[in-house]
Amino acid sequence: MTTHKADKIIACITAIPSGMVASYGQIAELAGIARGHRVVAKFLKQDNSVSDLPWHRVIRADGKLGFPIGSRMFLQQMTQLKVEGVVAKNNRIDMKRYAWQPTLDFILFHPDL
DNA sequence: CTGATGACTATAG
DNA sequence: CCTATAGCCATCA
């Protein structure tokens with residue numbers, strides 16, 4: 001996907017610090033796509049080619065992952081998150097604790113977002 | 001332009 | 001906890 005929106009989405013996902021996570025909706029808003037959570041989902045579904053993209057830090061707003069519990073991708077994502085210090089209990093992640101709060105400087109650094 | 005799609009979300013029961 | 005539903009929006013055929 002070589003679109004204008006894609007670049008912003010990539011920029012935002014890349015900005016998520018290790019040890020923290022962000023929801024699809026959160027990324028969409030930061031990328032300038034209000035209520036475009038599904039756009040982010042579709043993007044990740046197709047563009048899995050981008051290397052060094054911390055896609056594992058993008059999870060659902062309710063703390064669950066975007067993959068079916070127990071699936072190969074699910075386990076891979078959970079493993080990677082655990083490595084970064086993000087632990088889940090009962091296949092869920094405590095958003096109150098791990099949700100990334102974009103700093104003001106990040107937002108100001110991307111006026112167009 | 002029209003309709004379909006998607007690793008989503010909020011709400012209701 | 002679960003399923004069902006409507007809403008969502010950029011992208012693509």
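Being a predicted model, the structure only gives us computed values, none of them experimental.
- Between the CD1 atom of I13(A) and the C1' atom of dA7(B) there is a distance of 11 Å, given to the nearest Å.
- Taking atom CD1 of residue I9(A) and atom P of nucleotide dG6(B), one finds them 16 Å apart after rounding to whole Å.
- With hydrogens and angles ignored, the 3.5 Å screen pairs no side-chain donor or acceptor of Q26(A) with any backbone N or O of A61(A).
- Between I93(A) atom CD1 and dA7(B) atom C1' the separation is 13 Å, expressed in whole Å.
- To the nearest angstrom, P of dA7(B) lies 13 Å from CD of Q77(A).
- The NZ atom of K8(A) sits 12 Å away from the C1' atom of dA10(C) (whole-angstrom rounding).
- One can place CE of M78(A) at 13 Å from C1' of dA7(B), the figure rounded to the nearest angstrom.
- A distance-only check finds a donor-acceptor pair linking the side chain of D62(A) to the backbone of K64(A) [under 3.5 Å].
- Taking atom NZ on K89(A) and atom C1' on dC1(C), their separation rounds to 18 Å, with Å as the unit.
- When the options I27(A), V40(A), D7(A), V58(A) are evaluated for a side chain to side chain contact (heavy atoms under 4.5 Å, CB included) with C12(A), the one that passes is I27(A).
- To the nearest 0.5 Å, the span separating CH2 on W55(A) from CD on Q77(A) amounts to 5.0 Å.
- One finds the CG atom of L65(A) at 5.5 Å from the CD1 atom of I93(A) (value rounded to the nearest 0.5 Å).
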Which letters describe nucleotides 8-13 of chain B, given B = protein heavy atom under 4.0 Å from base, S = only from sugar-phosphate, - = neither?
-> BS----
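- Contact between the side-chain N/O atoms of K64(A) and the OP1/OP2 oxygens of dC2(C) is found at a separation under 4.0 Å.
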Begin with the C-alpha distance, continue with both residues' side-chain angles, and end with the deciding distance and a verdict on side-chain contact (heavy atoms from CB on, under 4.5 Å) for W100(A) and L30(A).
-> CA-CA 12 Å; W100(A) 172 45; L30(A) 278 177; 3.5 Å; yes
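- Between atom CD1 of residue I33(A) and atom CD1 of residue I9(A) there is a gap of 4.0 Å, rounded to the nearest 0.5 Å.
- A34(A) comes within 4.0 angstrom of the backbone, heavy atoms only, and of no base.
- A straight line from CD of E29(A) to C1' of dA10(C) spans 16 Å, rounded to a whole angstrom.
- Residue K45(A) has a polar side-chain atom (N or O) positioned under 4.0 Å from OP1 or OP2 of dA7(B).
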